[in-house]
Number of protein chains: 2
Amino acid sequence: MEVNRSDTATRILEVSELLFVEHGFEATSLRMITQQAEVNLAAVNYHFGSKDALFESVFMRRFTPLISACLAELDALEAKGAGDSIERVVMTFIRPCLALSRDPARGGALFVRLLSRALVENHRLLREALSREYSEFVERYTQAFRRALPELGEQDLSWRMHFAFGLMFNAFAGNDVLKIFRKSPVVTARDPEAIVQHLVPFVLAGLTMPASD
Amino acid sequence: MEVNRSDTATRILEVSELLFVEHGFEATSLRMITQQAEVNLAAVNYHFGSKDALFESVFMRRFTPLISACLAELDALEAKGAGDSIERVVMTFIRPCLALSRDPARGGALFVRLLSRALVENHRLLREALSREYSEFVERYTQAFRRALPELGEQDLSWRMHFAFGLMFNAFAGNDVLKIFRKSPVVTARDPEAIVQHLVPFVLAGLTMPASD
DNA sequence: GTCTATACGGAGATAGAC
DNA sequence: GTCTATCTCCGTATAGAC
C-alpha cells in the first residue's frame, strides 16, 4: 500500500529534510542521513532511487500543499469578486508562504529558504518534476495578473511577473547579495514579516506602473 | 615576480573559467581541468590550494574590474553633478554589467551569469573574500542612493537597495523561477538588452515610490 | 518486499621523491 | 615546481540474508 510506507522511508525523509535545510544539498551526504536515521546506507537508493530523487521527494512533500494553498486563496478571492485587485492577488501568494515560514512543524522559515533556493538554483531533476506538475500554478497566476492589470500588453505582463516572482522567491530564500559585502546588515533580510512589509509595496510599484508597450 | 606566473597557473585559470561557465562549479572536476590544460592533477592544489580557492581566483579576475568600472562610472556621474538622478545612478551599475556581457573575450553573457549565480548562491569562500575587499562598493552605492533619494529614511533605503540589487543580480544571472513551470517562456530572460529595457523601469518604480517611514 | 554488507569508480586532497 | 602514488570520502550498484 502506498500510504503505509515503511518507517524506514519516512525516517529517511524527515532526517534528510532537516539536514538539507541545515547544510544544503551537496554538503549533505547519504552517509550522514542514513547514520542519523539509523538505517542502512543502501536504504536510500532502495526506497528513492538516488540522492537526487530523494531531494525531489523531500521538496514535493512541502511544495505541493504550498501551491495548493495559493491556488485555494486565489479561488476564494475570485469567488468573492475581488480578483481585480492586484494587491490581493499578490497576497494570495505571499500569505501561504508566510504561513509556512511560521510553522515550525514543517521546518519553518528555514524550509521556505530551501524551497526558494531550490527554485532559484534550478536543480536539474526538479525542473522536470515541476514543469510536469505545476504548469497550472503559472497559468492560473498569469490569468489572475492579466485580469488585475488589464491595461498591460502580453510582453509587459510577462516581464513584470518574471520580476515580481523572482523578487518574492528570492526574498523568501533569504538571499542578500548586499549583506555579503556589509559588516553589519541594516536589513534583517531573514525576518519574514519584515520582508513582506517592505517587499509587497516594492513589488506593487513595479507591477502597477504605466504600461510601456 | 607576480606578473610572470608560470604558464601552468595561467592555463589552469583559463581552462577552468571556460569549464565553470559551461558546466558549473560542482560538475567540473579537477581531473577535467587538468587534463584539458595539460597539467598534472596536483598542480591545482599546488598553485591555488583547493578547488574552492581556484574558483575564487577565477571569479575575482573578472569581478574586480567590473566593480572598478561601476565605481568609475559613479565617480564620473558625480563629477558632472548628476548624482541626484537615481536613474543615472542605477545605470552606472547596469552599464558595466551589460558591457561585460557583450565581451566574448571575457566569457560574455555566460560569465555574467556565473558571477551573478555565485553571488546569489553565496559560495562560502566567496563570502569572506568579498566582504574583505568589496565593502567599498556597497558603501559607495549606499551614499549614492541616499543622495539621489533624500526623502527616504535609512530603513526604507536599505530595503529598497536590497530588493533593487537582488533583482538586478538575479536578472543578470538569468534566473527565471517561472520558466521552469512554463512550456514556452514568453520572456527571453537571457537576452541582456531586453532584460535591461524592462528591468530598469521596474526597479526605478520600486525605488522612487513614496517613503513608508 | 525489505534490509544488510560490501564493492566499485570517481572525487578532492596530500606526502614525498625528483 | 612538478609528478606519482595514495588517502579518504562520495554516490551508486548488487548479491544475498531475512
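Numbered from 1 within each chain, the chains take letters A, B, ... in sequence-line order.
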Under 4.0 Å: is that the gap between some side-chain N or O of A:H47 and OP1 or OP2 of C:dC3? yes
Produce a footprint string for nucleotides 13-18 of chain D: one letter per nucleotide, 5' end first; B if the base is under 4.0 Å from any protein heavy atom, S if only the sugar-phosphate is, - if neither. BB----
Would you check if the distance from the ring center of B:F59 to the ring center of B:F20 is below 6.0 Å? no
Which sits closer to the 5' end of DNA chain D, B:V39 or A:K51, going by the nucleotide each is nearest to? B:V39
Has A:K51 got a side-chain atom pairing as donor or acceptor with A:N45's backbone, closer than 3.5 angstrom? no
For DNA chain C, which residues of residues 23-36 of chain B approach it to below 4.0 angstrom with any heavy atom? B:T28, B:S29, B:L30, B:R31
When you check the phosphate oxygens OP1 and OP2 of C:dT2, does a side-chain N or O of A:Y46 lie under 4.0 Å from one of them? yes
Between A:F145 and A:F165, does the ring centroid distance fall short of 6.0 Å? yes
Tell me: CD1 of B:I12 to P of C:dA13, nearest whole Å? 13 Å
Are A:T8 and C:dC3 close enough that a side-chain N or O sits under 4.0 Å from OP1 or OP2? yes
Does B:D103 have any side chain to side chain contact (heavy atoms under 4.5 Å, CB included) partners at least two apart in sequence or in another chain, and if so, which? B:A105, B:R106
Any donor-acceptor pair under 3.5 Å linking the side chain of B:T64 with the backbone of B:R61? no
